Amino acid sequence: MATFQISDTVGEIVRDRPSLSRLFEQAKVDYCCGGKKTLDEACRNQGIDPQTFLAQLEAIANSNTEIEMNVATLSLTKLADHIEQTHHAYLHTELPRLEKMVTKVAAVHGEKELRLHQIKDIFLAVSQELETHLQKEEKILFPMIRQLESSDIVPSFHCGTIANPVHQMEFEHDEAGVALGQLRQLTDNYTPPEWACNTYRAMLDGLLNFEQDMHQHIHKENNVLFPKAIALEKIKAN
C-alpha cells in the first residue's frame with residue numbers, strides 16, 4: 001500500500017510513481033523544475049490543501065495496478081539512452097512541425113487574436129534554445145555521464161566536476177519552464193476559441209502535448225539522472 005508524506009518532495013513522488021504525474025498535471029503542481037519542493041510547499045503555492053491532495057495521491061496509487069517503468073531503477077547509461085530515444089526523439093520531430101504551425105496560425109488569425117503573435121515568438125525562441133540544449137546533452141553531458149558510470153575512477157572532465165554542466169542544464173530547464181507557463185497562459189490553458197479552425201485546434205493540442213512531454217523530460221533529468229550522476233561522481237572520488 002503506497003503512503004506518502006507532505007514532507008516528501010514532489011520530484012521524489014513522481015520519480016517513484018510516474019503515473020501520478022497526471023494528477024500533478026491536472027492540479028498544475030510543478031513536479032519537474034519545481035521537483036525539489038515538498039508536497040506541502042508545492043500545494044500551498046497553488047492554493048491546494050496538502051492533506052486533501054495527499055489523500056488523492058494515495059487513492060490513485062493504491063488503485064493503480066498497472067506495471068509502470070520506474071526510471072529510478074535504470075542505470076545512468078540506460079536512463080540517458082531512454083531520455084534520448086523517447087524525449088529527445090520526440091522534440092527532434094515535433095519542434096519543426098510546431099514551428100510551422102504556430103507561424104501559420106499567427107499569420108492567418110493574428111489580426112483577430114493578437115496573442116497568437118506572442119505565442120509564435122515565445123515558441124520559436126524556446127524551440128531554438130531547445131535545439132541547442134539537446135545538442136549539449138547529446139554531445140557533451142550524456143557522454144560524460146556514460147563515461148563516469150563505466151570508469152573505475154572519476155574521469156578528468158574538461159569542465160571539472162560533472163555538476164557544472166548539470167547546473168547549466170537545470171538553469172536552461174528553468175527558462176524553458178517559464179516559457180511553458182507563458183504559453184499556457186496565452187492560450188487560456190490550451191482552450192480554442194469557438195471560431196478556431198482545425199489548424200488552430202491542432203496547434204493547441206500539439207502545444208499541450210509538448211508541455212506534458214517537457215514536464216516528464218525535465219523531471220527525469222532534474223530529479224533522477226542528474227542527482228544520481230552527481231552522487232556517483234562523489235562516491236568514485238573518495
Side-chain angles (χ1 to χ4, degrees), residues 7-21 24 30-39 42 67-95 126-180 210-238:
S7 58
D8 294 340
T9 69
V10 293
E12 290 171 339
I13 293 172
V14 178
R15 178 197 66 195
D16 295 336
R17 299 299 296 266
S19 62
L20 294 179
S21 63
F24 283 95
D30 180 10
Y31 62 86
C32 53
C33 295
K36 294 181 175 63
K37 293 181 180 178
T38 64
L39 182 64
I67 299 175
E68 54 184 340
M69 180 178 69
N70 185 346
V71 295
T73 65
L74 298 179
S75 69
L76 290 175
T77 295
K78 288 186 178 180
L79 180 51
D81 291 345
H82 162 75
I83 290 170
E84 282 191 9
Q85 295 164 6
T86 304
H87 302 291
H88 286 208
Y90 164 82
L91 289 174
H92 286 311
T93 300
E94 192 67 2
L95 289 178
V126 75
S127 178
Q128 184 176 11
E129 290 166 0
L130 280 172
E131 288 174 1
T132 302
H133 180 87
L134 297 180
Q135 288 296 312
K136 292 177 185 175
E137 290 187 340
E138 292 170 7
K139 302 298 184 184
I140 302 173
L141 180 55
F142 285 8
M144 289 173 60
I145 289 175
R146 294 184 182 103
Q147 183 183 0
L148 171 66
E149 186 171 54
S150 64
S151 301
D152 293 329
I153 60 174
V154 177
S156 179
F157 296 128
H158 70 281
C159 56
T161 174
I162 207 167
N164 290 329
V166 161
H167 293 156
Q168 178 61 31
M169 294 300 98
E170 289 178 330
F171 173 76
E172 293 178 10
H173 288 167
D174 289 343
E175 290 187 320
V178 171
L180 291 174
F210 167 66
E211 179 195 75
Q212 292 174 341
D213 186 82
M214 282 293 293
H215 285 171
Q216 289 286 338
H217 182 174
I218 294 173
H219 159 68
K220 290 172 185 177
E221 292 184 355
N222 279 16
N223 301 323
V224 187
L225 180 66
F226 295 165
K228 287 180 68 173
I230 290 173
L232 181 60
E233 185 179 53
K234 290 180 179 177
I235 291 172
K236 291 193 173 186
N238 295 330

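Just so you know, these numbers come straight off a predicted model, no measurement behind them.
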- Residue list, side chain to side chain donor-acceptor pair (under 3.5 Å) with E137, at least two apart or on another chain: H88, H133
- Note on the structure: In short, A237 meets V154 closest at the heavy-atom pair N-CG2, 3.5 Å
- Set of side-chain contact (heavy atoms from CB on, under 4.5 Å) partners for P165, sequence neighbours left out: L141, M144, C159
- Message: Is it the case that over 12 heavy atoms from other parts of the model lie below 6.0 angstrom from the CD atom of Q128?
- Response: no
- Task: Tell me, please, which residues at least two apart from N223 pass side-chain contact (heavy atoms from CB on, under 4.5 Å).
- Result: H219
- Task: Applying side chain to side chain donor-acceptor pair (under 3.5 Å), name anything that partners D213, two or more places apart in sequence or on another chain.
- Result: H87
- Looking at V166, L232, L76, I140, which one forms a side-chain contact (heavy atoms from CB on, under 4.5 Å) with I145? L76
- Item | For Q168, side chain to side chain donor-acceptor pair (under 3.5 Å) partners two or more places apart | E172
- Would you say the side chain of Q216 lies within less than 4.5 Å of the side chain of S21, judging by non-hydrogen atoms? yes
- List in chain and number order the residues that pass salt bridge (Lys or Arg N to Asp or Glu O under 4.0 Å) with E131, two or more places apart in sequence or in another chain; answer none if no residue qualifies. none
- Task: Name all pairs fulfilling the salt bridge (Lys or Arg N to Asp or Glu O under 4.0 Å) condition that reach into residues 226-238, sequence neighbours left out, sorted by first residue then second.
- Result: none
- Item | V224 versus P227, closest heavy-atom pair with distance | O-CD, 3.4 Å
- Message: What's the separation between atom OH in Y31 and atom CG in L39, rounded to the nearest 0.5 Å?
- Response: 14.5 Å
- Mind checking the CD1-CD spacing from I162 to Q147? Nearest 0.5 Å is all I need. 9.0 Å
- Message: Looking at every non-hydrogen atom in both residues, tell me the closest pair between C32 and D30 and how far apart they are.
- Response: N-OD1, 3.0 Å
- Message: Holding to side-chain contact (heavy atoms from CB on, under 4.5 Å), I want the full list of residues that pass it with A89, two or more places apart in sequence or in another chain.
- Response: none
- Query: Can you name the side-chain contact (heavy atoms from CB on, under 4.5 Å) partners of E12, sequence neighbours left out?
  - Reply: D8, T9, R15
- Message: With side chain to side chain contact (heavy atoms under 4.5 Å, CB included) as the criterion, how do E211 and M214 come out once you've worked through the C-alpha distance, each side chain's angles and the decisive distance to 0.1 Å?
- Response: CA-CA 5 Å; E211 179 195 75; M214 282 293 293; 5.8 Å; no
- Approximate separation, where rounding is to 0.5 Å, of F142 CZ and E221 CD: 4.0 Å
- Message: Applying side chain to side chain donor-acceptor pair (under 3.5 Å), can you list everything that pairs with K36, at least two apart in sequence or on another chain?
- Response: none
- Query: side chain to side chain contact (heavy atoms under 4.5 Å, CB included) between H173 and F226: does it pass, once the steps are laid out?
  - Reply: CA-CA 12 Å; H173 288 167; F226 295 165; 3.8 Å; yes
- To the nearest 0.5 angstrom, please state how far the CG atom of L79 sits from the CD atom of E84. 10.5 Å
- Which pairs count as side chain to side chain donor-acceptor pair (under 3.5 Å) when at least one residue sits in residues 74-83, sequence neighbours excluded? T77-E149, D81-R146, H82-T86, H82-K220
- Query: Which atom pair, heavy atoms only, marks the closest approach of V10 to G34?
  - Reply: CG2-O, 3.4 Å
- Nearest 0.5 Å please: distance from the CZ atom of F24 over to the CD1 atom of I13. 4.5 Å
- Straight-line distance of I83 CD1 to L225 CG, nearest 0.5 Å: 5.0 Å
